[in-house]
Structure formats: structure tokens, C-alpha cells
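Quick note on labels: first sequence line is chain A, next is B, and so on, each numbered from 1.
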Protein chains: 2
Amino acid sequence: MAQSDTVDRILDAAEELFADRGFSETSLRMITSKAKVNLAAVNYHFGSKNALIHAVFARFLTPFSATLETAFDDLEERCDGKPPTLNQTLWALTESAVRMPQRTDKGISIFMRLLGLAYTQSQGHLRKFLEQEYSEPFSRFMRLLKEATPQLSAVDRYWRIQFMLGATAFTMSSSDALRDILENKLGVETSVQEIAARLVPFLAAGMQAEDTMLVPSFEQAPVA
Amino acid sequence: MAQSDTVDRILDAAEELFADRGFSETSLRMITSKAKVNLAAVNYHFGSKNALIHAVFARFLTPFSATLETAFDDLEERCDGKPPTLNQTLWALTESAVRMPQRTDKGISIFMRLLGLAYTQSQGHLRKFLEQEYSEPFSRFMRLLKEATPQLSAVDRYWRIQFMLGATAFTMSSSDALRDILENKLGVETSVQEIAARLVPFLAAGMQAEDTMLVPSFEQAPVA
DNA sequence: CCGTGCCTCAAACGTATGTTTCAAACAGAC
DNA sequence: GTCTGTTTGAAACATACGTTTGAGGCACGG
């Protein structure tokens, strides 16, 4: 083999292990033994474990952010002038994610789970890396959200974006938590596409909720 | 001192460190040096690091689940017979959380962040512990949610509950992630009570969103 | 006043981690 | 075939972790 596939085997193994164990809980020895490569190969090819984590993210985030850019381009062109709606913006995002070329059958869920972990596990270096490398599509998405919800105050919009990100990242990253508790009872399996199809209306409805209730209490919210 | 306060000092330090670093990323040496206590004290008083984690959760989860039980009792009594509404159920939960006696000024946010981590960091032992000890108030909350949303199919309700949990847990657990990016720009500080006041309407609206959009595409969702 | 039980302390133990080393194997160019 | 730069291999390194040990202190009941 001309350009050794050691690098890819490491990335594949690391991606999968990170996705279902987290970063700190995955050792280089687990990765190299799953990838059937020598332990030293990671530090040789990537330099450090943190750099390997960055490489895992870059491998799917770079093509994804390119796809996303063109999706946003298409959307804005289609709307010529008028700002896209909230639903359109959210769908542009989820369709870009779902339609990404997959390496494996479970590619998209690993993808989502890693993104969830990225925000959830407070790895300072990772956040710094992601902010530096992918701030542009992120900012653009934020701008679209702002234009799609002009009725919201900046503070309301800020928090509701937090809630959206939370619902998304958490759902995608908890493949084994509540799924075990409840999915057994229902006995149904759901694809990522179907989850997204359920998630987007939930997010859009929450984002456009009528009012922000302040100083709440049961006296002001009667029973009937 | 008759009953040494070592145990409480360890719990205080561990709680805070766990909350802003996660479990695996917090070592016993960090905890004991923050608590100004000997390293061996943790294993002496608690037996192991995992048992310490359980103790940290039990210290606030046990009184909280008691408070929650009476809040649900009050709510159901007030509604005599008729099932409580979704808003009432969500408010009963958040008010129980907010009105818990606080040990420190930042007590409630640590509380929330730990709960977020509990579902997010896939610590098998923690999930098992929480399920064993606190399954009853959890099941009761789920039952109330079911009765408050009879229009939803079981599958829809399952996923939307996931989304609610995600928005809540993630928001509460990401005290430093997006807050750094956006809160600087807005220059406002928000209390946990205010976050809850914004979160509940978001969740209720999402939970009661009209329809679950299936097989979505831009052809079926025109621009105007 | 002295022992008994509870607690603290410094030190060590065993293990696992990320990283480094350096010799061997390899590929391609001349 | 030989040389050169790149990649792999087994082993070791230094460090950090959770846990255990055993000596010492301290309070309290006899």
C-alpha cells in the first residue's frame, strides 16, 4: 500500500470508540488495538491524543461545513432577498447532516454523538479548535436564526437557541441512556432521519412559543 | 468537633469540582486538596471514588425527590381527579428544584449541572445507582406527562420527552460553552429562575407542536 | 489514667495512562 | 544493489491515578 492506511484505521477506530465512551474514557491503547496498529503510531502520525481528537472532528466537520455553506447559499438564493423562515433554516441544517456521504451504516449517528460530546465534555482544547476552524458556518446559522425570528428579543433568542442546541446535542449523544429505559417498552427502532423529522417541529414550535412567562406561580396559573 | 466535618468538606469540594470538570476529569487529589483534607479520607469515609459520586448525588437528590413528591401530591389534589396540565406539571418540577434549600449561592446551578452530567457522561455505575434509588419520582413524572399529552402517540411522546430532557440538561450543564460566546455580546446575566421561566414555555410549546413532519423536503415546504 | 474506637496523616503500592526511544523493516530513486 | 527517507515494532519512560497500609493522634468512658 502506497500511502499506508494506518492513519485511516486509527481515525475509524478512534471515531467509534470516542462516540460510545467519550474522550477521557478512551485510551490510546484501546484505539490502537481496535485499529490493529502499533501504539506509537498515534503519536507518530498525529502528534498527540488531543491532535487525534481534532483530526477525528476535522474529517467529518470540514466536508460537512462545506455542504452546509452551499445549502445556505441555495436557500438564500431561492428566497431572493427575503430572509428564509425558521423551518427552512432548520431543515437546511438537518438535510445537510443527513445527506452527508456516510463512511459506515451508523455514520450519521456517530457524527451526531461526537458533536454532542464536543459541547458536553468540557474539553477546552476541543472547543477552542472548533471555534477557530468552524466559526464561519456557525455564525451564519446564527444570523439566519436571528433573521427568521425578528419577534424575539436578543435575550430570548439567545436562550432559546441554547435550548435547541441542547435538545439536539443531548438527543444525539444519549444513544444508550433513556433509549434503554423506554425503547424496550415501545419496541420500535427509529432512524436518525425520523428523529430529525420529529425534532425539527419540536424546535420550531419551542422557538416560536408565544410568551416568556416571568415570575410564575400557581396562583397566577390556575388549575382549569 | 464531635462529628468531624471532613465528610461535608469532601462532599462540598467534590460537588463543585465534579460540576465544572466532570467525573473522570476530577481526581481525588484535586478534591482532597480543595477540601483541605487528607487523600485517604475519601476512601476511609466513602470507600471509593464511585461511592463518593453516589454520595454527592444522594445529598441533594434525596431531599429533592421528597420535595417533588409532595409537589406532585399537592398538584394532583388541587386538580381533584382531572389530570394536571402540561404547564402545571412542568412548573411543579421546576419550582421544586428552584425552591430547594440551597447550601451556597450557586447551589441550584451546580445541582442542575450535575444532573446534566449524570445523563451525559456515560458512567454506567451512576445510571444504575440513580435508576435504583430514584425511579419512583421519575416514573411518576413520566405518568403525569403522559396524562397531560393524550393527543400524542407513544412514540412521539417518547421522543419529545427526550428533547425536553435534552434542552434542560444541556442548558444547565453548559455553563461555560455558548455562554462565553454569546453572553459577552449581550452583557446580561441571568439567574437560574429566569432561565427556568424561559425554558418552560419553550418546552411546553415544543411538546404540544402541531404535527410531526415526515418525509420533509423543500418541494413540500415552499418559500412563501 | 489508661485503654479503646474513631479519625488523620504521610507514604507507599499497583496499575494505567500519554509519550518517547531506537532499532528494524520497508519503499522508492538512483 | 545500495542508499535514503519514511513507517512500524517492542520496549521503556515518566507521570498520574485510585487505593491501601500502618503508625500516630485525639476524645471519651472506665
Side-chain angles (χ1 to χ4, degrees), chain A residues 1-59 117-118 121-129, chain B residues 1-59 117-118 121-129:
Chain A
M1 48 204 76
Q3 193 83 338
S4 134
D5 62 345
T6 301
V7 168
D8 293 303
R9 295 236 302 282
I10 292 175
L11 286 173
D12 289 339
E15 184 176 83
E16 197 162 335
L17 284 170
F18 286 154
D20 56 49
R21 301 183 45 91
F23 305 112
S24 320
E25 292 79 4
T26 301
S27 71
L28 291 184
R29 284 168 175 82
M30 293 178 198
I31 295 170
T32 54
S33 80
K34 181 185 177 76
K36 294 198 175 72
V37 301
N38 189 269
L39 170 62
V42 170
N43 285 280
Y44 175 78
H45 286 287
F46 298 95
S48 69
K49 183 183 179 181
N50 280 353
L52 169 62
I53 296 176
H54 297 173
V56 167
F57 275 86
R59 184 166 65 151
L117 287 179
Q121 317 231 136
S122 65
Q123 303 257 2
H125 68 95
L126 220 192
R127 196 145 48 228
K128 212 168 295 179
F129 170 77
Chain B
M1 51 205 74
Q3 193 83 338
S4 134
D5 62 345
T6 301
V7 168
D8 292 304
R9 296 238 301 283
I10 292 175
L11 285 173
D12 288 339
E15 184 176 83
E16 197 162 337
L17 285 170
F18 285 154
D20 57 51
R21 300 183 46 90
F23 304 112
S24 316
E25 291 79 6
T26 301
S27 70
L28 291 185
R29 284 166 175 84
M30 293 178 198
I31 294 170
T32 53
S33 80
K34 181 184 179 76
K36 295 199 175 70
V37 150
N38 189 270
L39 170 62
V42 170
N43 285 279
Y44 175 77
H45 286 288
F46 298 94
S48 70
K49 184 182 179 180
N50 281 351
L52 170 62
I53 296 176
H54 297 173
V56 166
F57 275 86
R59 185 167 65 150
L117 287 179
Q121 317 231 136
S122 64
Q123 305 256 2
H125 68 95
L126 221 192
R127 194 145 48 228
K128 213 168 296 180
F129 170 77

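- Listed nucleotides: C/dC6, D/dG18, C/dG18. Nearest to the side chain of A/Leu28: C/dG18.
- Among C/dT8, D/dT8, D/dT19, the nucleotide with an atom closest to any side-chain atom of A/Tyr44 is D/dT8.
- Counting heavy atoms from C-beta outward, B/His125 and B/Ile53 have side chains that approach closer than 4.5 Å.
- With pairs defined as Watson-Crick or G-U wobble and both atom distances under 3.5 Å, the stems of at least three pairs that touch DNA chain D come out as C:4-6 with D:25-27, C:8-30 with D:1-23.
- Within the nucleic acid shown, A/Thr26 comes within 4.0 Å of sugar-phosphate atoms alone, with no base atom in reach, counting heavy atoms only.
- The closest side-chain heavy-atom distance from B/Glu16 to B/Leu11 is not below 4.5 Å.
- For the pair A/Gly22 and A/Leu117, the tightest heavy-atom approach, listed with the atom from each and the gap, is CA-CD1, 4.0 Å.
- Taking side-chain N and O atoms only, A/Ser27 has no distance below 4.0 Å to OP1 or OP2 of C/dA16.
- Ring planes of A/Phe129 and A/His54: parallel class, angle under 30° (limits at 30 and 60°).
- Listed for the A/Arg9 side chain is no donor-acceptor partner under 3.5 Å among the backbone atoms of A/Val37.
- Taking atom CZ on A/Phe23 and atom P on C/dT17, their separation rounds to 17 Å, with Å as the unit.
- With rounding to whole Å, A/Ile10 atom CD1 is found 13 Å from C/dT19 atom P.
- Atom P of nucleotide D/dA16 and atom CD of A/Glu25 are separated by 19 Å, given to the nearest angstrom.
- In this model, the phosphate group of C/dT8 is approached by a side-chain N or O of B/Thr6 to a distance below 4.0 Å at OP1 or OP2.
- Two residues are said to be in side-chain contact when any heavy atoms from C-beta on lie closer than 4.5 Å; B/Arg21 and B/Met30 meet this criterion.
- Contact of the B/Leu28 side chain with the B/Asn43 side chain is registered, since non-hydrogen atoms from C-beta on lie closer than 4.5 Å.
- Rounded to a whole Å, the CZ atom of A/Arg29 is 16 Å from the P atom of D/dC17.
- With a 4.5 Å cut-off on side-chain heavy atoms, B/Tyr44 and B/Val7 do not count as touching.
- Side-chain contact check for B/Val42 versus B/Lys49: every heavy-atom pair is 4.5 Å or farther apart.
- Taking atom CD1 on B/Ile53 and atom P on D/dC17, their separation rounds to 14 Å, with Å as the unit.
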Polar-atom pairs under 3.5 Å, protein N or O versus N or O of nucleotides 24-26 of chain D: list them with distances, or write none.
none

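- Counting to the nearest Å, the P atom of D/dC17 and the CG atom of B/Asn50 are 16 Å from each other.
- When distances are taken from the side chain of B/Lys49 to each of D/dT19, C/dG18, C/dT8, the shortest belongs to D/dT19.
- Listed pair A/His45 / D/dT8 meets the phosphate criterion, a side-chain N or O lying under 4.0 Å from OP1 or OP2.
- Contact check for B/Ile10 versus B/Leu52: side-chain heavy atoms found under the 4.5 Å cut-off.
- B/Ile31 is listed as a side-chain neighbour of B/Phe18, based on a closest heavy-atom distance under 4.5 Å.
- No donor-acceptor distance shorter than 3.5 angstrom exists from the side chain of A/Arg29 to the backbone of A/Leu39, with no hydrogens or angles considered.
- At whole-Å resolution of the value, NE2 in B/His125 and P in D/dG18 are 12 Å apart.
- Sorted by residue number, the members of residues 30-43 of chain B with any non-hydrogen atom under 4.0 Å from DNA chain D read B/Leu39, B/Ala40, B/Asn43.
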